[in-house]
Novice: 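Structure below; questions to follow.
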Amino acid sequence: MAGNERLNKKWYSGMFSQEDWWAVWMGLFFFVLGLLSLTGVDLVGWAVYPTKWVVNPVANIAKVPKKGKKPHYGAIGRPGKAFYALGKKYGTKAKKNKEGKVISKGSKSFYKGLGWWSIIWTYIILSIITFAGAVAMKWDRKRFFVGWTLIFFMTIAVWFIGHHAFFAASTKPVKALIDGKIQAMKQYELYGLPFSLSLGGGASFILALIVGLVIGNFFKKFAKYLGEAAKPEWFIKTAIVYLGVKVGYLAIKGTLIGEKLGKKLGAELGEQMKDLTMDLFLAGAVATIVAYLVFWPVVYTVARKMFKLPRKTAAVLGSGISICGVSAAVATGGAVRAKPVVTIMVSALVVVWAVIELMVLPAFFTHVYPTTKDPLVAGAAMGMSVKTDGADAAAGELMDEFMRIKIETDTGGKVKWPAGVITTSTVMTKVWIDMFIGLWAFVLALVWVYRIEKRQGETVPLSEVWFRFPKFVLGYFICWFVYLGIFFVAGGGTPGPEGIETFKLAKVGAIPVEKGLRKLFFMLTFMSLGIITDFKKLAEAKFGRMVWVYFVSLFVFIIPIALLIAYLFHHGMQIPNIAR
Amino acid sequence: MMIELVVKHNGRDWIVGNEEWTLSAPTLEELDEKVETLVKEKGLVKKGETKKIFMAFDNSIIPQWIRQYAQHYFNRIIEIKA
């Protein structure tokens, strides 16, 4: 930071020098590029995406082809096709005139040829934007560029390994052609495997975290060098802006899926998706308010009465554990005018514990409680339990993968949930928590200044609420409401032919952003989280009682009560079934 | 018109000031007293007048690794009556 950029004095302070704002710019940049698809232009189809692969595909197995098409034997799981540009699948189709002559090739044919080169396209385009951000935020340019390049390609490598069918293929039933005959089999059998770990995309996330943690804990000099580019909060906030695209697009997606199955079903699915996202919006808000009012007083009391911590330390720790990790700890530290060293110590503790939660909770919520019986209860509970945006959204995404695979496997493919809904329930709760941090800190500051420490003549400026407001949330809601707006303007759940055409064009620009870029930024988050997490910090003597306050409060109180509050407000919410 | 200052902490004391002068104290209460004394000595507040002092926190004190989570510590306003 230099000059006046280090001071927050005006409402626009930090607009081009703070990470929170750069998550908005990076998020909205590709959102706007994607929106141009409504004019028929596809500027985001280059976004890279992996598929499942094996070293030696089975020569006599093929996917059941569409009518009139020939089967391609030996093509399932070819390593050469392990990466592709999303525009190949979701781009614009060729346009023909009345005589059947092609007048416009469409983006599908262009992006089809990229294959593995889509990695390079994605790297170059993202490097331009991230480097612009690094320069604006006055980071070390050389270290950032080298670090970013290393992290990007390590992430791609892990994404590739994680999509080997042994990790990613599931046990869900599929049909395939074997020597000309259609047969039913399990998905992993398509790849010639005797079994698989059935982790879906979750395998890549776990591997990315493991690789990051190995670097962060055993190659500390390397981790320190990469630290200039390992920015999990920046990456996840950008990913959350793309998640806004996903949430807004869900209603359109539901209508398009249902439209293939029948107009009435299309209307139903579209309305269900729209209603679900609004339900999550409201339920998340109410759950958050309850969490603030219940969690904070209890944790503060535990810290003060049980562990005898000083008032300001208890307040900062209380916010860090009960509300939202580092940002809440910093906001509270500022509100009660704690010496910065208290806030820094609590923050270090929060970051490490959040990663521990990320490793434990997704599997626990999926397989122990509440499982796939109440997936949105699990999502909301996750949002109230995991204490940094990065770890929380990452945990939600991991659990989303686990739960979707589990429900498909358990029901034999009869139930299929759209990707990202469980992630949305996690993130939505966290977004509300983030939004209220500024208000909470403001109220706390008023209480501290006017009641507890009673400083005559001091006032708390209302602008504090804005300075602490999470700016990336603006990007999230803009993306969400714009796509929802497209849904309504084009006809809602019962669009005519023109409305369907609009929806299809919207899909071209939405999917590369909400699927390709979102997943990639989640991967970058997992990798970066691991790199910056040093478990040895927990062993440092200085933390002492704070470590135990954290452990007791989180696992004995916060997580169980989060599940209860999530149950009260999210139990019974259904995820639409998109199985055909 | 408000007087604008920058406040920070060096691990031991709170420090406040501008390009012309700097004050430090172990607690905010003592710091405010020093600010009040200096403002009155320099004649920056007239008799019967109330002057507002805006203190913006120097967020470069927040370690780089924390800034991705939170980029604002606090700003505060104190009033000085002559």
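The model shown is predicted, which means the values in this text are computed figures rather than measured ones. A, B, ... follow the sequence lines: proteins, then strands. Residue 1 opens every chain.
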Novice: Taking side chain as everything from C-beta outward and backbone as N, CA, C, O, which of these in A:Pro232 sits under 4.5 Å from a heavy atom of chain B? Side chain, backbone, both or neither.
Specialist: both
Novice: Short question: side chain of B:Lys81, backbone of A:Gly457 - any donor-acceptor pair under 3.5 Å?
Specialist: no
Novice: Among B:Ile80, B:Asp32, B:Ile77, B:Ile78, which residue forms the greatest number of heavy-atom pairs with chain A at distances under 4.5 Å?
Specialist: B:Ile77
Novice: Quick check: closest heavy atoms across B:Ala70 and A:Ser327, and the distance to 0.1 Å?
Specialist: CB-CA, 4.0 Å
Novice: With a 4.5 Å cut-off on heavy-atom pairs, point out which of A:Lys237, A:Arg337, A:Glu228, A:Lys339 contacts chain B the most.
Specialist: A:Arg337
Novice: Where on A:Trp22 is there a heavy atom nearer than 4.5 Å to chain B: the side chain, the backbone, both, or neither?
Specialist: neither
Novice: For the backbone of B:Tyr73 and the side chain of A:Arg468, can you confirm whether one donor and one acceptor N or O come within less than 3.5 Å of each other?
Specialist: yes
Novice: Is the NZ atom of B:Lys52 crowded by more than 12 outside heavy atoms at less than 6.0 Å?
Specialist: no
Novice: Name the member of A:Asp389, A:Ile344, A:Val460, A:Val341 that forms the most heavy-atom pairs with chain B at distances under 4.5 Å.
Specialist: A:Ile344
Novice: Taking the side chain as every heavy atom from C-beta outward, state whether A:Lys9 and B:Glu4 have any atom pair closer than 4.5 Å.
Specialist: yes
Novice: Please identify, among A:Thr388, A:Ile437, A:Thr459, A:Val449, the residue contributing the most non-hydrogen atom pairs under 4.5 Å to chain B.
Specialist: A:Thr459
Novice: Tell me, do B:Val6 and A:Arg6 make a side-chain contact under 4.5 Å, heavy atoms counted?
Specialist: yes
Novice: Please tell me if the side chains of A:Ile532 and B:Gln68 come closer than 4.5 Å, counting only heavy atoms from C-beta onward.
Specialist: yes
Novice: Within this structure, what is the CD-CD distance for the pair B:Glu29 and A:Glu458, rounded to the nearest 0.5 Å?
Specialist: 8.5 Å
Novice: A:Ala445, A:Ala441, A:Ala338: which one forms the most heavy-atom pairs within less than 4.5 Å of chain B?
Specialist: A:Ala338
Novice: Mind checking whether A:Glu464 and B:Arg76 have side chains closer than 4.5 Å, heavy atoms only?
Specialist: no
Novice: Roughly how far, to the nearest 0.5 Å, is the OG1 atom of A:Thr343 from the OH atom of B:Tyr69?
Specialist: 14.5 Å
Novice: Are the side chains of A:Phe467 and B:Asn75 in contact, using a 4.5 Å heavy-atom criterion?
Specialist: yes
Novice: Donor-acceptor check, side chain of B:Gln71 to backbone of A:Glu19, threshold 3.5 angstrom: yes or no?
Specialist: yes
Novice: Please determine, among A:Ala329, A:Gly325, A:Ala348, the option with the most heavy-atom pairs under 4.5 Å with chain B.
Specialist: A:Ala348
Novice: Is atom NZ of A:Lys471 surrounded by more than 12 heavy atoms (other residues, nucleotides or ligands) closer than 6.0 Å?
Specialist: yes
Novice: More than 12 foreign heavy atoms under 6.0 Å from NZ of A:Lys224: is that the case here?
Specialist: no
